[in-house]
Enquirer: 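Below are the structure tokens for one structure; questions will follow.
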Amino acid sequence: MDIERKWRDRWRDAGIFQADPDDREKIFLTVAYPYPSGAMHIGHGRTYTVPDVYARFKRMQGYNVLFPMAWHVTGAPVIGIARRIQRKDPWTLKIYREVHRVPEDELERFSDPEYIVEYFSREYRSVMEDMGYSIDWRREFKTTDPTYSRFIQWQIRKLRDLGLVRKGAHPVKYCPECENPVGDHDLLEGEGVAINQLTLLKFKLGDSYLVAATFRPETIYGATNLWLNPDEDYVRVETGGEEWIISRAAVDNLSHQKLDLKVSGDVNPGDLIGMCVENPVTGQEHPILPASFVDPEYATGVVFSVPAHAPADFIALEDLRTDHELLERYGLEDVVADIEPVNVIAVDGYGEFPAAEVIEKFGVRNQEDPRLEDATGELYKIEHARGVMSSHIPVYGGMKVSEAREVIADELKDQGLADEMYEFAERPVICRCGGRCVVRVMEDQWFMKYSDDAWKDLAHRCLDGMKIIPEEVRANFEYYIDWLNDWACSRRIGLGTRLPWDERWIIEPLTDSTIYMAYYTIAHRLREMDAGEMDDEFFDAIFLDDSGTFEDLREEFRYWYPLDWRLSAKDLIGNHLTFHIFHHSAIFPESGWPRGAVVFGMGLLEGNKMSSSKGNVILLRDAIEKHGADVVRLFLMSSAEPWQDFDWRESEVIGTRRRIEWFREFGERVSGILDGRPVLSEVTPAEPESFIGRWMMGQLNQRIREATRALESFQTRKAVQEALYLLKKDVDHYLKRVEGRVDDEVKSVLANVLHAWIRLMAPFIPYTAEEMWERYGGEGFVAEAPWPDFSDDAESRDVQVAEEMVQNTVRDIQEIMKILGSTPERVHIYTSPKWKWDVLRVAAEVGKLDMGSIMGRVSAEGIHDNMKEVAEFVRRIIRDLGKSEVTVIDEYSVLMDASDYIESEVGARVVIHSKPDYDPENKAVNAVPLKPAIYLE
RNA sequence: GCGGGGGUGCCCGAGCUGGCCAAAGGGGACAGGCUUAGGACCUGUUGGCGUAGGCCUACCAGGGUUCGAAUCCCUGCCCCCGCACCA
């Protein structure tokens, strides 16, 4: 670790990652600013290492690279955390002590949310520096800084002036005990539970309404009766100028959604049973019937019955018909006898009463049968997906259920015949404070109008001009731009910036983080200024106008904008990344729109999802201490491409560590071969004459080229494969091929390899590379050294083919020896006769794999007299080679050049024949181009 | 349900622009060498068969196109991610 500290100090002292405008071409990239509510884990490590590798690579290519960082402290989770710590919640304390490793004296201060984010911001920065990230820290800020708040307020006023902000209501999970909205982290039970919207249908009874909630308002045309639970309490309530009858248990929920709701009296449900209500749509009279299955806590405690399409209603009616005691108690014999199901939805595969059929299909016997739930689920799904309103339904007959549902609900609401409410998808939902949560509708909420068509058009145009990596996720962006609806952009609690025109509200995290990239360009300059002076004209002058005021700030912004790359997690495409596009396209002219985005996958730990709350996580600091920053970096960059999920496996991390050690040893080995350390600043290009020397330099060029291309498109895994693993394989092979030879050519080749290789590895393992660069006589920082040169031309194919032939020949010999089970004294190798090469050329020229055509040409050119041999060879071409292009080489001279190597590999004398002058077992005829014949004796 | 991504050899994971692909690379396992207290390092093997470099089988399953398919086409099965107050 001393090496790591040494280079961190030197980089910092030299200020080499600080970027200011100059004559160079620029690259500006940003990655999500972290929400510092806990310690960094290895998943964060990958997120922040990818941009660092790219930034280092581009600097070495000569670009002026800006890679900044800040802290997104906006939001409510730290409020909840602070509350829980204040309350001494044992689980929360345990998580912060044991998972996040917060010292006890610090933990005592965690009842202050501002302190939590300050603590973890420091912690994050420290770990980021340990990782060697080449960040320009001068531009560091946090989202509660007054200057940043002024920037966000400018932004949101701009959007309102453009008509892209509106007011409305919004449902949230709410704890009445805390008197605040709660997030999933705040829940003891019910984490991840969704909020469903239901339509309330008003069935008139006298001057009141029995209000029944449903997901399926289109089925009201088939209603036959209402269900009340006679064993539960019901009340009259007043809301919206009407009197409703609902269950008493429903009052708690509903009063958080209808804020004028008041209880005005009790109702005995038994008194209502047998009475009739009026269907708000058809005008028909429906009887009220008793049903113990009605849950008073769910929605309103009033249910309407559609026996044709709801298995539970169908079977409840059947059960009621046979329950004579109940019928007699309420005098319902004649009423129930007259009830017939009414079909309202036609769906393929089912008849008039699908509910009855699905009950039979599932073998449901009664209301208590557990199969009833499955039967219901299946029918609801099919009717929604494939159902069509029956033809007798006025107006909506023939319409798809999936379309009719929303249309009918909206129509009924417009006419005052329906209302809406929200319910949790599952129960119970319990706050960590112990309180039972409800769905509450927050009034006067503010929304971003992502539904605005013109804005969507702008967003699409912006996206069209962007590079998306990987390209296949562009479809996700296109989809989400169209899919997004209005977004609640303000909150009642949390850290952040207050809405400028209504200070009760705080701008929420996904809305205050859409154009902060622009803020980075000048953040270090604002530090010396007073936030109070930053009005809208101030920010206009920097980001939009050419008024000439604040010209220096304007010029710095203009140098760095547009943003070249935005990097973020792929699960944020549907919100943050798409919002980023929306907001840039609304605020900035087209010249300021972002140029590209790269998305990340998740991190796994030994095949399992990581989770801080479950303690299944490796802290980045721990990984650095155990393995060193370079090992962590290299592993994260080599185990998967950025957009894929990666899996932290300790055994492979150790393998990566061994590979870095090997790389360092390679430098020492080259020093040994060169009789002293090379002086990299004096290395001149190698110009080898031997086949193998040319092969090595060709491979080096190829690896540099492929790694460079990979990095250009953020393929960090492919880049490491080429730059380290495949180049190592090439170098291993070269060393083996030249074993025992120490001449000027070998020395020159190895010095060139080392010179290029250290630079090639520098973005991935900067500490190791700096140390080796210095040790072997490199000038200055390797972080500032030029990226290795390479030629775009393809390598000499003949050199590669020649080396492959040598390897294959060795392998063939060894294979034969293995099969024969003995070692020969002498190995004879026979190269292919000229006529076979000529036949190959003809086959390529003919252009199709046709025996007759090839034979005809061979004959016409008089290539070989023995047409039988030719036919056999052509058959083999067709079978083995097809239309592949074949590179012509001088097999004999290649093999002669490598004969020492072949002998040492097979442990026998090797004789190479260009003609079969000694061939006791007639093996020479087996030779085909690039696959010499072999005879062992 | 909507949108997106995937299924490869013991595990992870390349390959998909049809042709040395029994399939890159890494890990694990087995064997040997070196050094030994160990670790590290090096070499070989890692589907079956084979006394001549070869043959057979294999890339979720079935079918098709092709001289030739892990790769292209069709059908089916299974898995992962996102889908609105975490950010």
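Letters A, B, ... are given to chains in the order of the sequence lines, protein chains preceding strands, and every chain is numbered from 1. Every value quoted in this text rests on a predicted model; they were computed, and no experiment measured them.
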Enquirer: Can you say whether the rings of A:Y935 and A:H828 are parallel (under 30°), tilted (30 to 60°) or perpendicular (over 60°)?
Expert: parallel
Enquirer: Can you tell me the pairing partner of B:G44 across any strand shown, Watson-Crick or G-U wobble, with both distances under 3.5 angstrom?
Expert: B:C30
Enquirer: Side chain of A:W483 only, please: which of B:G25, B:C83, B:A52 is the nearest?
Expert: B:C83
Enquirer: Starting from P on B:C86, measure out to CD1 on A:I493 and report it in whole angstrom.
Expert: 10 Å
Enquirer: Answer yes or no: is there a donor N or O on one side and an acceptor on the other, between the side chain of A:T143 and the main chain of A:V73, under 3.5 Å?
Expert: yes
Enquirer: State whether the side chain of A:T47 and the backbone N or O of A:G43 hold a donor-acceptor pair below 3.5 Å, judged by distance alone.
Expert: yes
Enquirer: Do any side-chain nitrogens or oxygens of A:K729 fall under 4.0 Å of OP1 or OP2 in B:A24?
Expert: no
Enquirer: Under 4.0 Å: is that the gap between some side-chain N or O of A:R659 and OP1 or OP2 of B:G27?
Expert: yes
Enquirer: Below 30° counts as parallel, above 60° as perpendicular, anything between as tilted: where do the rings of A:Y33 and A:Y516 land?
Expert: parallel
Enquirer: Heavy atoms under 4.0 Å, any strand shown: does A:A32 hit a base, just sugar-phosphate, or nothing?
Expert: nothing
Enquirer: Identify which nucleotide among B:G44, B:G27, B:G53 has an atom closest to any side-chain atom of A:I816, counting heavy atoms from C-beta outward.
Expert: B:G53
Enquirer: Any base atoms under 4.0 Å from A:V473, or only sugar-phosphate, or nothing? Heavy atoms, all strands.
Expert: nothing
Enquirer: Using whole Å, what does the distance between atom P of nucleotide B:G26 and atom CG of A:L726 come to?
Expert: 9 Å
Enquirer: Select base, sugar-phosphate, or nothing to describe what A:A76 touches, counting heavy atoms under 4.0 Å on all strands.
Expert: sugar-phosphate
Enquirer: By the 4.0 Å heavy-atom rule, please label A:R717 as base, sugar-phosphate, or nothing.
Expert: base
Enquirer: Is the distance between the ring centroids of A:H72 and A:Y35 less than 6.0 Å?
Expert: no
Enquirer: Would you classify A:D512 as touching base, sugar-phosphate or nothing, given that sugar-phosphate means primed atoms plus P, OP1 and OP2, and contacts are heavy atoms under 4.0 Å?
Expert: nothing
Enquirer: Going by modelled atom types, is there a donor-acceptor pair between the base of B:C85 and the side chain of A:R491 at under 3.5 Å?
Expert: yes
Enquirer: Applying a 4.0 Å non-hydrogen cut-off, can you work out what A:P509 is touching in the nucleic acid: base, sugar-phosphate, or nothing?
Expert: sugar-phosphate
Enquirer: Taking only side-chain nitrogens and oxygens of A:R658, does any of them come within less than 4.0 Å of OP1 or OP2 of B:C41?
Expert: yes
Enquirer: Is any N or O donor-acceptor pair between the side chain of A:E815 and the base of B:G50 shorter than 3.5 Å?
Expert: yes
Enquirer: Tell which nucleotide pairs with B:C20, taking only Watson-Crick or G-U wobble pairs whose two distances are both under 3.5 angstrom.
Expert: none
Enquirer: Using a 4.0 Å heavy-atom cut-off, does A:P36 contact any base of the nucleic acid, only the sugar-phosphate backbone, or nothing at all?
Expert: nothing
Enquirer: What nucleic acid atoms does A:E652 come within less than 4.0 Å of, heavy atoms only: base, sugar-phosphate, or nothing?
Expert: base
Enquirer: Where the side chain of A:W487 is defined as all heavy atoms beyond and including C-beta, which of B:C20, B:A84, B:A52 is the nearest nucleotide?
Expert: B:A84
Enquirer: What is the distance, to the nearest angstrom, from the CZ atom on A:F646 to the P atom on B:G25?
Expert: 24 Å
Enquirer: Would you kindly check whether a donor in the side chain of A:N926 faces an acceptor in the base of B:G53, or vice versa, at under 3.5 angstrom?
Expert: yes
Enquirer: Can you tell me how far P of B:C83 sits from NZ of A:K570, to the nearest Å?
Expert: 13 Å
Enquirer: Using whole Å, what does the distance between atom C1' of nucleotide B:C86 and atom CE of A:M602 come to?
Expert: 13 Å
Enquirer: Go through B:G53, B:G27, B:A87 for me and flag the one nearest to the A:Y35 side chain.
Expert: B:A87
Enquirer: So if I take every side-chain heavy atom of A:L820 and compare against B:G53, B:U51, B:G4, which nucleotide ends up nearest?
Expert: B:U51
Enquirer: A:S490 and A:Q445: side-chain donor and acceptor closer than 3.5 Å?
Expert: yes
Enquirer: Please verify the inter-ring angle class for A:W483 with A:Y479; under 30° counts as parallel, over 60° as perpendicular, anything in between as tilted.
Expert: parallel
Enquirer: Does B:G54 have OP1 or OP2 sitting under 4.0 Å from an N or O in the side chain of A:K931?
Expert: yes
Enquirer: Spell out yes or no: do the side chain of A:Q721 and the base of B:G25 have one donor N/O and one acceptor N/O closer than 3.5 Å?
Expert: no
Enquirer: Compare the minimum distances between each of B:A87, B:U51, B:C11 and the side chain of A:H72, then state the nucleotide with the smallest one.
Expert: B:A87
Enquirer: Figure out the CD/C1' separation between A:E722 and B:A24, and round it to whole Å.
Expert: 10 Å
Enquirer: Using the side-chain heavy atoms of A:I819, tell me which of these nucleotides is nearest: B:C85, B:G50, B:A87.
Expert: B:G50
